[in-house]
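Below, chains carry the letters A, B, ... as their sequence lines are ordered, and counting in each starts from 1. In what follows, every heavy atom counts, from backbone to side chain, and hydrogens, waters and symmetry copies are set aside.
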There are 2 protein chains.
Amino acid sequence: MRQRIDKHRFEPAYAQLASILRNQIAEGVYPPGEKIPSESTISKEYGVSPMTVRQAIGVLTEQGLLDRIQGSGTFVKKLSITESRFELNSLREIFQDSAGTQIKVLQLSLGRADARTAEKLDLSVGQRVILIRRILLRAGRPVMFHEGNVRCDPTRPVVEAELSIGPLSELFTGHCDGSVKKGELELIPTVLGETEAGLLGHAPGTPAFRLEYVVYDFDNAPFGWGWFVAPPEVFRLKTHLGLWE
Amino acid sequence: MRQRIDKHRFEPAYAQLASILRNQIAEGVYPPGEKIPSESTISKEYGVSPMTVRQAIGVLTEQGLLDRIQGSGTFVKKLSITESRFELNSLREIFQDSAGTQIKVLQLSLGRADARTAEKLDLSVGQRVILIRRILLRAGRPVMFHEGNVRCDPTRPVVEAELSIGPLSELFTGHCDGSVKKGELELIPTVLGETEAGLLGHAPGTPAFRLEYVVYDFDNAPFGWGWFVAPPEVFRLKTHLGLWE
DNA sequence: AAGTGGTCTAGACCACTAT
DNA sequence: TAGTGGTCTAGACCACTTT
């Protein structure tokens with residue numbers, strides 16, 4: 001034990017302990033694959049209660065640095081590429097800076113479902129849907145394209161509200177409205193078509209991400225689907241593994 | 001309160017409570033944006049201790065269903081597209097099925113760092129590096145291409161071991177060896193070049209994912225970098241948001 | 001049998017938010 | 001000031017693994 005826990009500090013005890021353990025792992029005191037001391041040992045050593053130790057270890061476990069095995073012990077994890085997660089942080093950054101972000105509506109119309117939309121929204125071909133096509137601009141430059149389709153349901157009276165600031169817009173700005181129960185997302189590599197390339201100011205054939213979504217209401221019925229397309233310089237998907245400062 | 005907690009069940013109390021709350025949210029008892037009862041209220045209502053309630057709410061919070069705001073309450077979260085995470089599950093599935101997976105080494109050689117590798121591995125151009133090119137086969141069919149570069153460091157004596165089953169292979173099979181402290185990953189859309197397309201049995205120009213990595217040792221020095229390339233049917237990046245069964 | 005993590009109790013006090 | 005979540009105690013018993 002090198003460091004002590006100062007219970008009068010602003011930082012809570014579990015966070016101090018987590019950071020101590022983290023440093024010890026970084027210094028090689030506990031190499032990857034090795035067992036760290038038991039929870040009761042740490043509890044006595046640092047003079048904190050068992051639950052506090054659990055919380056500290058819980059933090060590092062969630063960060064993917066430790067592995068708890070019941071009956072056996074807590075081990076320092078080896079790095080695994082398959083355990084990495086990619087988050088859509090770059091999207092959040094773009095949408096939260098509402099000052100520098102503009103949305104240009106290219107099309108907003110009442111149409112009829114084609115085969116693909118009918119399948120996605122559980123409709124028959126030809127039923128009415130609302131179609132929206134938009135471009136997101138950052139500092140006046142086009143960075144992302146959006147196409148969305150919403151079910152045009154007579155039992156849902158708030159169609160007009162949806163068109164202006166409804167779920168499609170809120171998918172953009174960070175939140176769907178309360179009528180969305182669940183959604184599925186898929187990230188697919190693609191290349192820009194003629195139209196998209198022109199709109200985004202790139203050459204056709206440029207590699208890009210396509211983020212496709214379907215959203216469901218509280219009756220588990222799909223009511224919207226669509227996709228966002230952005231080139232990789234806009235849509236960075238980076239992540240870190242292991243012991244970063 | 002509709003359901004009770006049975007403390008003699010196999011399922012722990014906190015999990016039972018989490019599932020009760022989850023069902024109530026799904027049924028619309030607490031709509032998105034609304035506050036759920038306070039922890040102490042729930043504690044009294046279900047006859048469990050405050051810590052047990054915290055754990056239950058913690059589970060749902062980690063799942064992104066609830067939001068805790070100190071001093072204010074716990075709220076049902078609205079869906080947000082920017083909070084989704086993509087995991088590399090499809091990679092794990094491939095690598096864990098070691099029976100159906102083969103690795104074919106195309107090239108394994110001692111070479112000299114080009115400009116890009118020198119920059120990535122913090123070397124001078126022309127310093128020695130180990131280059132490996134491989135193809136991953138599933139049921140005899142090529143599904144993924146890998147190119148990796150490892151620093152050829154005279155102070156690290158285990159070069160031969162690395163070449164055969166070292167970190168490059170372990171990046172594939174799920175674990176890096178213990179000398180890896182941290183790594184960074186980036187996912188980039190790309191199109192298959194002539195060579196890759198030929199190896200993977202696709203047309204050149206097919207959209208694909210490129211997963212690029214750099215790994216660092218415990219001295220924070222980069223010692224390996226490379227990338228995997230796979231077409232989207234191999235490398236599915238799907239995720240779910242909100243209340244799925 | 002001994003040791004480990006997993007769950008749980010029944011409180012306590014603190015930091016923060018709303019009124 | 002009252003109510004909320006955040007932290008913490010000092011134990012207890014259980015499920016599981018190892019010896």
Exercise. What integer distance in Å separates B:Lys44:NZ from D:dT4:C1'?
Worked result: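 After rounding, the gap between these two atoms is 12 Å.
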
For this session: To the nearest Å, give me how far apart NZ (A:Lys35) and C1' (C:dG3) are.
Result: 8 Å

For this session: Quick one: list whatever passes side chain to side chain contact (heavy atoms under 4.5 Å, CB included) with B:Glu212, sequence neighbours left out.
Result: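 B:Glu212 satisfies side chain to side chain contact (heavy atoms under 4.5 Å, CB included) with B:Arg116, B:Lys120, B:Ile188, B:Arg210, B:Trp225, B:Trp227 only.
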
Salt bridge check: are [X] and [Y] linked by an N-O gap of less than 4.0 Å?
X	Y	result
A:Glu39	A:Arg68	yes
A:Arg134	A:Glu147	no
A:Lys238	B:Glu184	no

For this session: Quick one: do A:Phe86 and B:Phe86 satisfy ring pair (Phe, Tyr, Trp, His ring centres under 6.0 Å)? Show the steps, please.
Result: CA-CA 5 Å; A:Phe86 290 94; B:Phe86 290 94; 8.6 Å; no

Exercise. Is there a donor-acceptor contact under 3.5 Å from the side chain of B:Thr239 to the main chain of B:Arg85?
Worked result: yes

Problem set entry | Residues in salt bridge (Lys or Arg N to Asp or Glu O under 4.0 Å) contact with A:Arg236, at least two apart in sequence or another chain | B:Glu186

Exercise. Would one find a side-chain N or O of B:Ser38 under 4.0 angstrom from OP1 or OP2 of D:dG3?
Worked result: no

For this session: Please state whether the phosphate of D:dG6, meaning OP1 or OP2, lies under 4.0 angstrom from any side-chain nitrogen or oxygen of B:Arg68.
Result: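 It does, given that an N or O in the side chain of B:Arg68 lies less than 4.0 Å from OP1 or OP2 of D:dG6.
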
Could you list the donor-acceptor pairs under 3.5 angstrom formed by side chains in residues 6-19 of chain A, with sequence neighbours left out?
residue: A:Asp6; atom: OD1; partner: A:His8; partner atom: N; Å: 2.9
residue: A:Lys7; atom: NZ; partner: A:Gly47; partner atom: O; Å: 3.0
residue: A:Arg9; atom: NH2; partner: A:Glu11; partner atom: OE1; Å: 3.0
residue: A:Gln16; atom: OE1; partner: A:Asp6; partner atom: N; Å: 3.0
residue: A:Gln16; atom: NE2; partner: A:Asp6; partner atom: O; Å: 2.9
residue: A:Gln16; atom: NE2; partner: A:Glu11; partner atom: O; Å: 2.8

Exercise. Are side-chain N/O atoms of B:Ser40 and B:Ser43 paired as donor and acceptor at under 3.5 Å?
Worked result: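 No, no side-chain donor-acceptor contact under 3.5 Å.
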
For this session: For B:Gln63 and B:Arg22, test the side chains for any donor-to-acceptor distance below 3.5 angstrom and give the result as yes or no.
Result: yes

Tabulate atom names and distances for all N/O pairs under 3.5 angstrom spanning the protein and nucleotides 7-11 of chain C.
residue: C:dT7; atom: OP1; partner: B:Tyr14; partner atom: OH; Å: 2.7
residue: C:dC8; atom: OP1; partner: B:Ala13; partner atom: N; Å: 2.4
residue: C:dC8; atom: OP2; partner: B:Ala13; partner atom: N; Å: 3.4
residue: C:dC8; atom: OP2; partner: B:Tyr14; partner atom: N; Å: 3.2
residue: C:dT9; atom: OP1; partner: B:Lys7; partner atom: NZ; Å: 3.2
residue: C:dT9; atom: OP2; partner: B:Ser49; partner atom: N; Å: 2.8
residue: C:dT9; atom: OP2; partner: B:Ser49; partner atom: OG; Å: 3.1
residue: C:dT9; atom: OP2; partner: B:Thr52; partner atom: OG1; Å: 2.5

For this session: Please list residues of residues 59-66 of chain A whose heavy atoms come under 4.0 Å from any atom in DNA chain D, ordered by number; otherwise none.
Result: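 Under 4.0 Å from DNA chain D: no residue of residues 59-66 of chain A.
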
Got a list of protein N/O to nucleotides 16-18 of chain D N/O distances below 3.5 Å?
residue: D:dC16; atom: O4'; partner: A:Gln70; partner atom: OE1; Å: 3.2
residue: D:dT17; atom: O4'; partner: A:Gly71; partner atom: O; Å: 3.4

